[in-house]
Colleague: 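Have a look at the structure that comes next, please.
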Amino acid sequence: MSAAPVIEQLSRETGISTAAALFDKIPPHPVDPVLSPLFRRGGLPRGELVTVTGELSLSCGLATIAAATREQKWCAGIGLGEPSVSSIADLGVDLDHFVNLATPGEDWLRVASILIESFDIILVDPGFAPSASERARLLAKIRERRMSLISLRPLSGSTEQIEITDTRWAGAEHGRGRLQSCLVRARSQTGTHRFLLPGPSGTPTSVPAGTLEVVAGTAPAETSDVSDTAVGASGVPTEDADAADDPRWSTITQLRQVISHVG
């Protein structure tokens, strides 16, 4: 028997609300304005599980919690390894309100269950998928404490899923220079979104007008803010005269020929 008619009837009664309606009244944790469109309520939902997956998921997860840490919300990382402290700070995270625990993968669930009691947000890279009963207990604790848990791997029970589908780095064309920014395309329940992560300053940045679209597995087909230099038949950029005399390009060309024959 479906519970939908009962829920609908109760929701019409004075003073009785559904669980969804109750959580809709809880303001979400703030996020960077550039990332806000990724979420249905414009911020990180409280009392819920959110997944952020794909390339750069760790950077996106850290950027998501940054605004909350600056509002003195306590955040913890579990199973994230040992990311660079300076990189975390560059993403806008207030290090005075962020704790990273070097937790073995098999212990993530036990540690998370403890930290839920005292932290506002937990960012975790789960070492394993919990059983149905373990997941039910975890979600119940999250709802009870009205905190947010972000998983960098798919987990059943998540209310919002953000998937980074494409990335394109800029700043080191032809193997030279420094990486300056990364154009990201992400998909969530609110649609497909583009932004720079990191942007030139390290934090998320809106995409400048005219920036090349990210298309996985295809070559650039239009002009953009990122300069695309024509490549000659030998594989050497035709606009770079110095590169043509660089012996490293000869080695690269030979490797390309070997790879093409092997393929």
Side-chain angles (χ1 to χ4, degrees), residues 26 28-32 35 38-39 43-164 182 184 186 188 197-198 202-204:
I26 302 175
H29 289 299
V31 298
D32 189 287
L35 301 179
L38 291 169
F39 299 91
L44 184 61
R46 297 172 58 187
E48 301 179 28
L49 166 65
V50 174
T51 59
V52 180
T53 59
E55 189 177 358
L56 294 183
S57 59
L58 176 56
S59 294
C60 188
L62 289 168
T64 298
I65 70 173
T69 62
R70 295 196 298 271
E71 291 196 358
Q72 300 184 346
K73 302 296 183 182
W74 281 97
C75 304
I78 302 175
L80 307 182
E82 298 181 4
S84 168
V85 173
S86 60
S87 296
I88 296 175
D90 286 344
L91 288 168
V93 176
D94 179 3
L95 298 179
D96 287 338
H97 289 85
F98 177 72
V99 178
N100 185 45
L101 302 176
T103 305
E106 61 271 17
D107 286 342
W108 80 266
L109 186 59
R110 179 178 62 85
V111 175
S113 298
I114 296 172
L115 296 185
I116 284 174
E117 300 294 331
S118 51
F119 279 79
D120 300 293
I121 305 172
I122 294 178
L123 178 64
V124 59
D125 188 355
F128 63 91
S131 66
S133 59
E134 290 172 332
R135 186 172 62 252
R137 288 193 294 270
L138 179 67
L139 293 175
K141 281 190 173 184
I142 293 172
R143 287 192 297 268
E144 179 184 356
R145 300 298 301 177
R146 296 187 178 182
M147 56 83 62
S148 303
L149 191 144
I150 304 174
S151 171
L152 301 183
R153 297 179 188 271
L155 279 183
S156 298
S158 60
T159 57
E160 300 206 33
Q161 302 88 35
I162 298 171
E163 179 187 9
I164 298 176
C182 184
V184 173
S188 69
L197 180 66
T203 56

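Position 1 is the first residue of the sequence; numbering continues from there. Remember, predicted model here, so these are calculated numbers, not experimental data. FYI, side chains are in, hydrogens and waters are out, and symmetry mates aren't considered; it's all heavy atoms of this structure.
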Colleague: Verify the neighbour count for atom CD of Q72: are there more than 12 heavy atoms of other residues, nucleotides or ligands below 6.0 Å?
Modeller: no
Colleague: Do you know which two heavy atoms are closest between L197 and P204, and how far apart they sit?
Modeller: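 Closest pair (atom of L197, atom of P204, distance): CD1-CG, 3.8 Å.
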Colleague: On a heavy-atom basis, which atom in T64 and which in C60 lie closest, and how many Å separate them?
Modeller: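 Looking at all heavy atoms of both residues, the closest pair is OG1-O, 2.7 Å.
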Colleague: How close do G92 and T203 get, heavy atom to heavy atom, and via which atoms?
Modeller: N-CG2, 4.1 Å
Colleague: D120 side chain to W74 main-chain N or O, any donor-acceptor pair under 3.5 Å?
Modeller: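 Such a contact is found between D120 side chain and W74 backbone.
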Colleague: Is it the case that the side chain of T51 and the backbone of R153 share a donor-acceptor pair, with hydrogens and angles ignored and the cut-off at 3.5 Å?
Modeller: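 Checking the backbone N and O of R153 against the side chain of T51, no donor-acceptor pair under 3.5 Å is found.
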Colleague: Apply side-chain contact (heavy atoms from CB on, under 4.5 Å) to S151 and L49, showing your working.
Modeller: CA-CA 7 Å; S151 171; L49 166 65; 4.2 Å; yes
Colleague: What do the steps show when you test D125 against L58 for side-chain contact (heavy atoms from CB on, under 4.5 Å), and what is the final call?
Modeller: CA-CA 9 Å; D125 188 355; L58 176 56; over 6 Å; no
Colleague: Measure the acute angle between the ring planes of W108 and F128, then classify it against the limits of 30° and 60° as parallel, tilted or perpendicular.
Modeller: tilted
Colleague: Which pair of heavy atoms, one from N100 and one from G81, lies closest together, and at what distance?
Modeller: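 The answer is ND2-O, 3.1 Å.
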Colleague: Could you tell me if the side chain of P45 sits less than 4.5 Å from the side chain of S148, heavy atoms only?
Modeller: no
Colleague: About how many Å separate CG of L115 and OG1 of T103, when rounded to the nearest 0.5 Å?
Modeller: 7.5 Å
Colleague: Identify the heavy atoms of P130 and L109 that sit nearest to each other, and give their distance.
Modeller: CB-CD2, 4.1 Å
Colleague: Is it true that atom CD of E106 has more than 12 heavy atoms of other residues, nucleotides or ligands lying nearer than 6.0 Å?
Modeller: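 Yes, the 6.0 Å shell around CD holds more than 12 heavy atoms from other groups.
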Colleague: In Å and rounded to the nearest 0.5 Å, what is the CG to CG distance from L149 to L44?
Modeller: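 The CG atom of L44 is 9.5 Å from CG of L149, to the nearest 0.5 Å.
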Colleague: Between M147 and I122, does the side-chain contact (heavy atoms from CB on, under 4.5 Å) criterion hold? Intermediate values first, please.
Modeller: CA-CA 8 Å; M147 56 83 62; I122 294 178; 3.7 Å; yes
Colleague: For a 4.5 angstrom cut-off between non-hydrogen side-chain atoms, does V111 reach V124?
Modeller: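 SC-SC contact between V111 and V124 ruled out.
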Colleague: Can you tell me how far CD1 of I121 sits from CD1 of I65, rounded to the nearest 0.5 angstrom?
Modeller: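 Between I65 CD1 and I121 CD1, I get 6.5 Å after rounding to 0.5 Å.
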Colleague: Can you list the steps and then say if I116 with L138 is a side-chain contact (heavy atoms from CB on, under 4.5 Å)?
Modeller: CA-CA 9 Å; I116 284 174; L138 179 67; 3.5 Å; yes
Colleague: With the side chain counted from C-beta on, respond yes when L123 and C75 share a heavy-atom pair under 4.5 Å apart, and no when they do not.
Modeller: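 No; the side chains remain at least 4.5 Å from each other.
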Colleague: What distance do H97 atom NE2 and L95 atom CG have between them, rounded to the nearest 0.5 Å?
Modeller: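 Those atoms lie 11.0 Å apart.
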Colleague: Please give me the minimum heavy-atom distance between A68 and H29, naming the atom from each residue.
Modeller: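 Taking A68 first and H29 second, the nearest heavy atoms are CB-CB, 4.5 Å.
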Colleague: Could you tell me whether a side-chain N or O of R145 sits under 3.5 Å from a main-chain N or O of E117, the two making a donor and an acceptor?
Modeller: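 At least one qualifying donor-acceptor pair exists.
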Colleague: Would you give the length of the straight line joining atom CD of E134 to atom CG of L139, rounded to the nearest 0.5 angstrom?
Modeller: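 So the CD of E134 and the CG of L139 are separated by 12.0 Å.
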Colleague: Let me confirm one number: the CG-OG distance from L91 to S59, rounded to the nearest 0.5 Å.
Modeller: 5.5 Å
Colleague: Between the main-chain N or O of L38 and the side-chain N or O of S188, is there a donor-acceptor pair closer than 3.5 Å?
Modeller: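 Yes, because the side chain of S188 sits within donor-acceptor range (under 3.5 Å) of the backbone of L38.
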